[in-house]
Participant: 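Input: one structure, supplied below.
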Amino acid sequence: MSSTIRITLPDGSVREVPSGTTSRQIAESIGAGLARAALAARVDGAVRDLGRPLEADASLAILTERDPDALEVLRHSSAHILATAVRELFPGAGIGFGPPIEDGFYYDFDVPRPFTPEDLELIESRMTEVARADYPFVREVVDRSQANHRFADDPLKLERIAELGDAETITVYTDGPFTDLCRGPHIPRTGRLKHFKLLHAAGAYWRGDEKRQMLQRIYGTAWFKKEDLDAYLHRLEEARKRDHRVLGRQLDLFSTSDVLGPGLVLWHPRGAVIRWLLSRAVEDDNVASGYDLVYTPNVTREELFYISGHLPLYASNQYPAMGAGAGEAEDVRYMVKPMNCPMHALIYQSRQRSYRDLPIRLSEVANVYRNEKSGTLHGLLRVRGLCMDDAHIFCTMDQIEDEIFLCLDQVDRLVRATFGFELDFEVSTRPEERLGSDEVWDQAEATLRRALERKGIAFRNDVGGGAFYGPKIDIKFRDAIGRIWQGPTIQLDFNLPERFELEYTGTDNRPHRPVMIHRAIYGTLERFTGNLIEHFAGAFPVWLAPEQVRVIPISDAQAEAARGLAQRLKAAGLRVRVDDSSETLNYRIREGEVQKVPYMAIVGQREADSGSLALRVRGTGKKQEAMSVDAFLGRITEEVRTRALAP
RNA sequence: GCCAGUGUAGCUCAGUGGUAGAGCGCUCGCCUUGUAAGCGAGGGGUCACGGGUUCGAGCCCCGUCACUGGCUCCA
């Protein structure tokens, strides 16, 4: 019974202890300080409660605040403490799930009415009391009937219990008055939770299924140190300041209008410049990369979307069909396009193709319209009228790898190198329901991976995450404050060539079916611009800045010289404005800073006399340099040419 | 689409049933400026829209629309 087991500690030392010794006891034997700091244990790589007995040889690490896994445990326990408080304040509340999430935790409750902000304050202070009470988290193993009995009044928990396999150990955790079905692990006592805040409440479907009942979710955040909590709240504040919807108005980039309709964007001159430069950048790169440019109509007969298979499946995402013009048959109806691929397929189909023609790369920066659910719309990031930098590559199976490689090159140039985004790659593989043989999928997935490996790119697998018509590479990018956005997508498609019966003549003089690759580098110009606004906090690099230089004469006496300078800069292709308004110099400089203009060229009498300018660089405070116009032109045109990130 | 919240001047927001307010912006005047807000005056609102309750509604009730935060979906 009391056999001896060997526990290996992180420093490599081995302790021989009786079987059944807990991690906590080992922590205590190492030192009182460690025992006090201990929050959980990592046993053979798995995070466990400190109180769990060790029953076999194992490697053991005692987790303290310094370990990221411990933070996750703290947040999970915070969710329980939240539920403890809610159950006390709202005794009948049903309980759903309460997991840790990035930066915090949430818990879903089934309550008769939604939580109000006042409720959250009340719940938060009750949580503080629960934490102060310093209840231990007690783990119990129960059998199925005990579990059913204990959660007899919690239908949501019963549903979860029923799903647990017979082989699974069912455990419950109790902290003070509250017991929850939970796999754990948890912190030793509620008192370890000190720095947390409830953030907001929102509706959430049970099991994330929109057909099921809606629960009320409370989100919170928890940290070990007050500084960390404060830093996190500060980060939220920073993110709010970068909100592209706010900056879009302040910088006069774009607007929306109730009269115009939701999800539709008005690009103002200053925003349109950015969009135009982006679309030019990708078109230039497309042409240089061997793509052909094409243009296709905004409306088509709806039949096209039946051929492509989008109808009737995606009808809810498309705007309804409209009748034809006068004099045409009434049953011929037209639709605004939600995507370009069917039309690019028609271009492919418009003549006979030989293997010698492949790959055919068709690209188009085009507006499409999608009738997105109203609740999903969000600034520029989720709209109904959007402009894709779309392209479709038609090629043979053998050519896929090189084509993917080419796409990855473009992503690297246009997204990573140009904007300094960190990229994260994910290969989505075959789903349950799919088109095409396993051999084709094997080959396609392997090809995607090979292209990534050839480029030396690390990637993750999203097993089963591919579309029914082919695997894809999803590329996410991380912005200046660490947020992650969905970026470029490279999608293989075996379906559309089938539906459009696309063919090429092979070396064997027989017809073959090409593969189609859908790819977008920026995705949509709306979303990408929104991302850029937030990434740069509105302070765009010179090449993208709507206004690159603001010329400010110190007084009216230099207005003429200022206009002359502006003319010279404009002649060099720069976007320049003169601010000769009757405001004070300080006021006008402040305006320039607030508008995030990268350069201000101040012209006083000294500069006017010598034909120079005093340069103020955005964000650098009082530091300024006097320089000749030529020197400035050299500097700024070089920055534009190289798409420099600074200033 | 679902749940909740919000909707007052161009913007940010006060306004708890009794004559619609502030700051900034805007217009005009004064000031003529050396690196992040000079001074003064003025204009500006069917209080999202529609209905109801009330002697009386920005405020209370119902509906619609839009936005916000989530859920679901997604570029």
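Numbers restart at 1 for each chain; the letters A, B, ... are given by sequence-line order, proteins then strands.
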Participant: Any side-chain heavy-atom pair from A/L278 and A/L532 closer than 4.5 angstrom?
Facilitator: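 They are in contact (side-chain heavy atoms under 4.5 Å apart), so the answer is yes.
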
Participant: Evaluate the ring planes of A/F254 and A/W267, with Trp represented by its six-membered ring, and classify them as parallel (under 30°), tilted (30 to 60°) or perpendicular (over 60°).
Facilitator: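 Rings of A/F254 and A/W267: tilted, as their planes differ by 30° to 60°.
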
Participant: Kindly indicate whether the side chain of A/R382 and the base of B/C74 share any N or O donor-acceptor pair separated by less than 3.5 Å?
Facilitator: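 Yes, the side chain and the base share a sub-3.5 Å donor-acceptor pair.
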
Participant: Roughly, in whole Å, what's the span from CG in A/D108 to P in B/U72?
Facilitator: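 Nearest whole value for this atom pair: 10 Å.
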
Participant: B/C73 P sits how many Å from A/D209 CG, rounded?
Facilitator: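 Rounding to the nearest Å, CG of A/D209 and P of B/C73 are 9 Å apart.
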
Participant: Look at A/S374 and B/G1 and indicate whether a side-chain polar atom (N or O) is within less than 4.0 Å of OP1 or OP2.
Facilitator: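 Looking at the OP1 and OP2 atoms of B/G1, one of them is under 4.0 Å from a side-chain N or O of A/S374.
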
Participant: Please tell me which of the listed nucleotides, B/A36, B/G1, B/A75, lies nearest to the side chain of A/K373?
Facilitator: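 From the listed options, B/G1 comes nearest.
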
Participant: Confirm from the modelled atom types if A/D556 and B/U32 form a donor-acceptor pair under 3.5 Å, side chain to base only.
Facilitator: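 Pair found.
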
Participant: Compute the ring centroids of A/F494 and A/Y469, then answer whether they are less than 6.0 Å apart.
Facilitator: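 They do not qualify: ring centres at least 6.0 Å apart.
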
Participant: Rounded to the nearest angstrom, tell me the gap between atom NZ in A/K211 and atom P in B/G1.
Facilitator: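 Value for this atom pair: 16 Å.
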
Participant: Any strand counts, and the cut-off is 3.5 Å on both contacts for Watson-Crick or G-U wobble. Which nucleotide pairs with B/G44?
Facilitator: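 Base partner found: none.
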
Participant: Among B/U33, B/A4, B/A36, find the nucleotide with the atom closest to the side chain of A/I589.
Facilitator: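 Per side-chain heavy atoms of A/I589, the pick is B/A36.
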
Participant: Rounding to a whole Å, what distance do you find between A/I552:CD1 and B/U32:P?
Facilitator: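 The distance from CD1 of A/I552 to P of B/U32 comes to 20 Å, rounded to the nearest Å.
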
Participant: Taking the side chain as everything from C-beta on, heavy atoms only, tell me whether A/Q216 gets closer than 4.5 Å to A/D110.
Facilitator: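 Counting from C-beta outward, A/Q216 and A/D110 never come under 4.5 Å.
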
Participant: Verify, without hydrogens or angle tests, whether A/H535 (side chain) and A/F419 (backbone) share a donor-acceptor contact under 3.5 angstrom.
Facilitator: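 Present.
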
Participant: Between B/C30 atom C1' and A/E583 atom CD, what is the distance in whole Å?
Facilitator: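 My rounded result for the distance is 12 Å.
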
Participant: Out of B/A66, B/A75, B/C31, which has the shortest distance to the side chain of A/R527?
Facilitator: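 That would be B/A75.
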
Participant: Within the 4.0 Å heavy-atom criterion, would you say A/L215 contacts the bases, only the backbone, or no part of the nucleic acid?
Facilitator: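 Contact class for A/L215: none.
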
Participant: For B/G7, give the paired nucleotide (Watson-Crick: N1-N3 plus N6-O4 or O6-N4; G-U: N1-O2 and O6-N3; both under 3.5 Å), or none.
Facilitator: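 By the stated definition (distances under 3.5 Å), B/C65 pairs with B/G7.
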
Participant: Would you state whether a donor and an acceptor, one from the side chain of A/R616 and one from the base of B/A36, lie under 3.5 Å apart?
Facilitator: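 Between B/A36 and A/R616, which were checked side chain against base, a qualifying N/O pair under 3.5 Å is present.
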
Participant: Rounded to whole Å, how long is the line connecting atom CZ of A/F254 with atom P of B/G10?
Facilitator: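 Taking CZ of A/F254 and P of B/G10, I get 19 Å after rounding.
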
Participant: Could you let me know what B/A57 is paired to, Watson-Crick or G-U wobble, both distances under 3.5 Å, or none if it's on its own?
Facilitator: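 Partner of B/A57: none found under 3.5 Å.
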
Participant: Between B/G70, B/G1, B/C74, spot the one nearest the side chain of A/E210, thanks.
Facilitator: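 Output: B/G1.
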
Participant: Students often get this wrong, so: under 4.0 angstrom with heavy atoms, is A/R245 touching a base, only sugar-phosphate, or nothing?
Facilitator: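 A/R245: backbone/sugar contact only, no base atoms under 4.0 Å.
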
Participant: Got a donor-acceptor pair under 3.5 Å from the side chain of A/Y205 to the base of B/G70?
Facilitator: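 Side chain to base: no pair present.
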
Participant: Of all the nucleotides listed (B/G34, B/C71, B/U35), which has the minimum atom distance to the side chain of A/E607?
Facilitator: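 Shortest atom-to-atom distance from the side chain points to B/G34.
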
Participant: Just so I know, are the side chains of A/T296 and A/H344 near enough to count as touching, which here means a heavy-atom distance under 4.5 Å?
Facilitator: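 Yes, their side chains come closer than 4.5 Å.
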
Participant: What nucleic acid atoms does A/F528 come within less than 4.0 Å of, heavy atoms only: base, sugar-phosphate, or nothing?
Facilitator: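 Counting heavy atoms under 4.0 Å across all strands, no contact is made by A/F528.
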
Participant: Would you say the side chain of A/Q216 and the base of B/G70 hold a donor-acceptor pair, judged only by whether the two atoms sit under 3.5 Å apart?
Facilitator: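 In this structure, the two groups form no donor-acceptor pair.
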
Participant: If you check every side-chain atom of A/V594, which of B/A36, B/G69, B/U33 has the closest atom?
Facilitator: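 For the A/V594 side chain, the nearest candidate turns out to be B/A36.
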
Participant: Expressed in angstrom and rounded to an integer, what is the separation of A/F477 atom CZ from B/A75 atom C1'?
Facilitator: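 Rounded to whole Å, this separation is 11 Å.
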
Participant: Which whole-number value in Å describes the distance from A/L377 CG to B/G70 P?
Facilitator: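 Roughly 15 Å, once rounded to whole Å.
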
Participant: Answer with base, sugar-phosphate or nothing: what part of the nucleic acid does A/V368 contact at a heavy-atom distance below 4.0 Å?
Facilitator: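 Contact class for A/V368: none.
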
Participant: Looking at B/C74, does its base get a donor-acceptor pair with the side chain of A/R370 below 3.5 Å?
Facilitator: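 It does not, because no donor-acceptor pair links the side chain of A/R370 to the base of B/C74 below 3.5 Å.
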
Participant: Does NZ or CZ of A/R519 lie under 6.0 Å from the centre of the six-membered ring of A/Y291, at an angle within 45° of the ring axis?
Facilitator: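 Relative to the ring axis of A/Y291, which defines the angle, A/R519 lies inside both limits.
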
Participant: Any N/O pairs under 3.5 Å between the protein and nucleotides 27-29 of chain B? List them or say none.
Facilitator:
none

Participant: In the strands shown, is B/G38 matched to any nucleotide by a Watson-Crick or G-U wobble pair with both distances under 3.5 Å, and which?
Facilitator: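 B/G38 is paired, partner B/C30.
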
Participant: Is any side-chain heavy atom of A/F109 closer than 4.5 Å to a side-chain heavy atom of A/F115?
Facilitator: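 Side chain of A/F109 against side chain of A/F115, heavy atoms only: contact under 4.5 Å found.
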
Participant: Has A/Y587 got a side-chain N or O lying under 4.0 Å from the OP1 or OP2 atom of B/G25?
Facilitator: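 The answer is yes; a side-chain N or O of A/Y587 sits under 4.0 Å from OP1 or OP2.
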
Participant: Heavy atoms from C-beta onward define the side chain here; which of B/G34, B/C2, B/A37 lies closest to that of A/M214?
Facilitator: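 So the side chain of A/M214 is nearest to B/C2.
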
Participant: If we count only N and O atoms by modelled type, under 3.5 Å, do the side chains of A/S289 and A/R413 hold a donor and an acceptor together?
Facilitator: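 There is such a pair (donor and acceptor under 3.5 Å, judged by atom type) between the side chains of A/S289 and A/R413.
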
Participant: Using only side-chain N and O atoms of A/T584, determine if any of them is under 4.0 Å from OP1 or OP2 of B/G38.
Facilitator: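 Checking A/T584 against B/G38: at least one side-chain N or O falls below 4.0 Å of OP1 or OP2.
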
Participant: Paired with B/A22: which nucleotide, if any, by Watson-Crick or G-U wobble criteria at under 3.5 Å for both distances?
Facilitator: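 Looking at the geometry, B/A22 pairs with B/U12.
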
Participant: As a test of understanding, state which of A/F421, A/F528, A/F477 forms a side chain to side chain contact (heavy atoms under 4.5 Å, CB included) with A/W485.
Facilitator: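 Answer after filtering A/F421, A/F528, A/F477: A/F477.
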
Participant: For B/A75, take OP1 and OP2 only and decide whether either is under 4.0 Å from a side-chain N or O of A/H518.
Facilitator: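 No, A/H518 has no side-chain N/O under 4.0 Å of OP1/OP2 on B/A75.
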
